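Have a look at the structure below, then the notes.
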Amino acid sequence: MFLFSILYNRGVYPEESFAKVKKYGLPMLLTQDEGVKSFISNLTAQLSGHFSHSGNELIVLEKEWLEAGKLQRVVLVIMSKATNEVLERWNFSIETDSEVVEKGVSREKSDKEIMREIQAIMRQIASSITYLPCLDEPCVFDVLAYTDKDVAVPFTWIESDPKLIANPQMVKLHSFDTKIHKVDTLVSYKNDEWEEQ
């Protein structure tokens, strides 16, 4: 959900490649680009878990990174298409309540509270165009997943450098907490305007 919003609001893909839907009580734009949809779908399956349908029953085949508490951070990186220079890093740090994962302890938080927190982040992403520098060149994106060292990595995934920005400007966004996972969000960006001459 956050990835589509960032890709749209930062102009990584043209406006006409998104369709408007209502999710989480907010109007959102989801990409219609089949390549991006496939990439995000595969990413989501790996981060959240693999599922299979048996009749009307949904069966969890494998506990994946998020559910198993093995996912520490997801980073959306926006880069120059021409040079691969990193222009922005959208960092989603994830803290997992180990008691829930290891001992099955139940923690409750209302869907309404969680939705309110997600809505606040979505609004901040949408308003980011007011303070982030314009992306005035064609861009591409990548997603980095930081996991525990002992996780099995799909063969289609490759190791990457952290795609850091030298001397970045940073803005912390709202957090949200499901009582199982707490997600802190930070965007760092290259800002040539502030470099000393």
Side-chain angles (χ1 to χ4, degrees), residues 1-49 64-66 71-94 114-115 117-147 154 156-158 160-165 168-176 181 183-193:
M1 79 186 121
F2 297 130
L3 298 181
F4 290 129
S5 183
I6 294 166
L7 295 176
Y8 172 78
N9 283 292
R10 299 306 293 138
V12 175
Y13 287 90
E15 187 175 337
E16 57 274 5
S17 69
F18 290 84
K20 192 177 254 188
V21 297
K22 188 160 184 158
K23 270 191 144 173
Y24 310 107
L26 290 172
M28 290 181 58
L29 292 151
L30 299 181
T31 185
Q32 299 305 298
D33 182 289
E34 289 303 321
V36 175
K37 281 173 34 178
S38 175
F39 177 86
I40 301 285
S41 177
N42 290 334
L43 172 72
T44 304
Q46 181 58 47
L47 299 180
S48 303
E64 289 304 336
W65 300 342
L66 186 63
L71 185 62
Q72 301 160 1
R73 187 171 8 148
V74 175
V75 180
L76 172 67
V77 181
I78 299 176
M79 302 168 288
S80 162
K81 188 174 186 175
T83 66
N84 275 341
E85 178 183 20
V86 177
L87 304 174
E88 294 178 4
R89 290 180 93 247
W90 292 78
N91 186 35
F92 299 89
S93 294
I94 302 162
I114 294 169
M115 289 303 182
E117 291 174 3
I118 290 172
Q119 288 171 345
I121 294 172
M122 298 299 284
R123 282 190 203 91
Q124 278 193 304
I125 290 169
S127 69
S128 70
I129 58 173
T130 62
Y131 58 82
L132 292 174
C134 273
L135 297 174
D136 53 2
E137 61 182 297
C139 293
V140 294
F141 78 96
D142 199 1
V143 177
L144 310 176
Y146 291 78
T147 64
T156 55
W157 287 51
I158 57 170
S160 169
D161 66 273
K163 300 188 184 310
L164 299 175
I165 301 169
Q169 298 290 320
M170 293 185 227
V171 177
K172 186 173 178 3
L173 304 179
H174 284 287
S175 299
F176 76 94
H181 302 99
V183 180
D184 290 315
T185 310
L186 174 83
V187 60
S188 52
Y189 58 95
K190 178 181 169 34
N191 190 353
D192 293 330
E193 294 174 21

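All values reported here derive from a predicted model rather than from experimental measurement.
Distance CD1/Ile165 to CD/Glu85: 8.5 Å, rounded to 0.5 Å. The distance from the OH atom of Tyr189 to the CH2 atom of Trp90 is 10.5 Å, given to the nearest 0.5 Å. Atom CG of Asn91 is separated from atom OG1 of Thr185 by 8.0 Å, given to the nearest 0.5 angstrom.
When all heavy atoms of Asp33 and Gly35 are compared, the closest pair comes out as OD1-N, 3.0 Å. Considering all non-hydrogen atoms of both residues, Pro162 and Arg89 come closest at O-NH2, 3.0 Å.
The side-chain contact (heavy atoms from CB on, under 4.5 Å) search around Phe18 returns Leu7, Tyr8, Tyr13, Leu29, Thr31, not counting sequence neighbours. Among residues two or more places apart in sequence or in another chain, the salt bridge (charged side-chain N to carboxylate O under 4.0 Å, His left out) test is passed with Lys81 by none. The side-chain hydrogen bond (donor to acceptor under 3.5 Å, both in side chains) check on Asp184 picks up Ser175, Lys182, with sequence neighbours excluded. Looking at residues two or more places apart in sequence or on another chain, you find no side-chain hydrogen bond (donor to acceptor under 3.5 Å, both in side chains) involving Lys163.
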Could you list the donor-acceptor pairs under 3.5 angstrom formed between side-chain atoms of residues 71-78 and any protein atom two or more places apart in sequence or on another chain?
from	atom 1	to	atom 2	distance (Å)
Gln72	NE2	Asp148	OD1	2.7

Check: residues 128-145 side-chain donor-acceptor pairs under 3.5 Å, at least two apart:
from	atom 1	to	atom 2	distance (Å)
Ser128	OG	Ile125	O	2.6
Thr130	OG1	Ser127	O	2.7
Glu137	OE1	Ser80	OG	2.6

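For the pair Leu43 and Leu3, the minimum side-chain heavy-atom distance is below 4.5 Å.
Here the rule is side-chain contact (heavy atoms from CB on, under 4.5 Å) with Ser5, and of Gln124, Met122, Arg123 only Met122 fits it.
Formation of a donor-acceptor pair under 3.5 Å by the Gln32 side chain with backbone atoms of Leu30 is found in this model.
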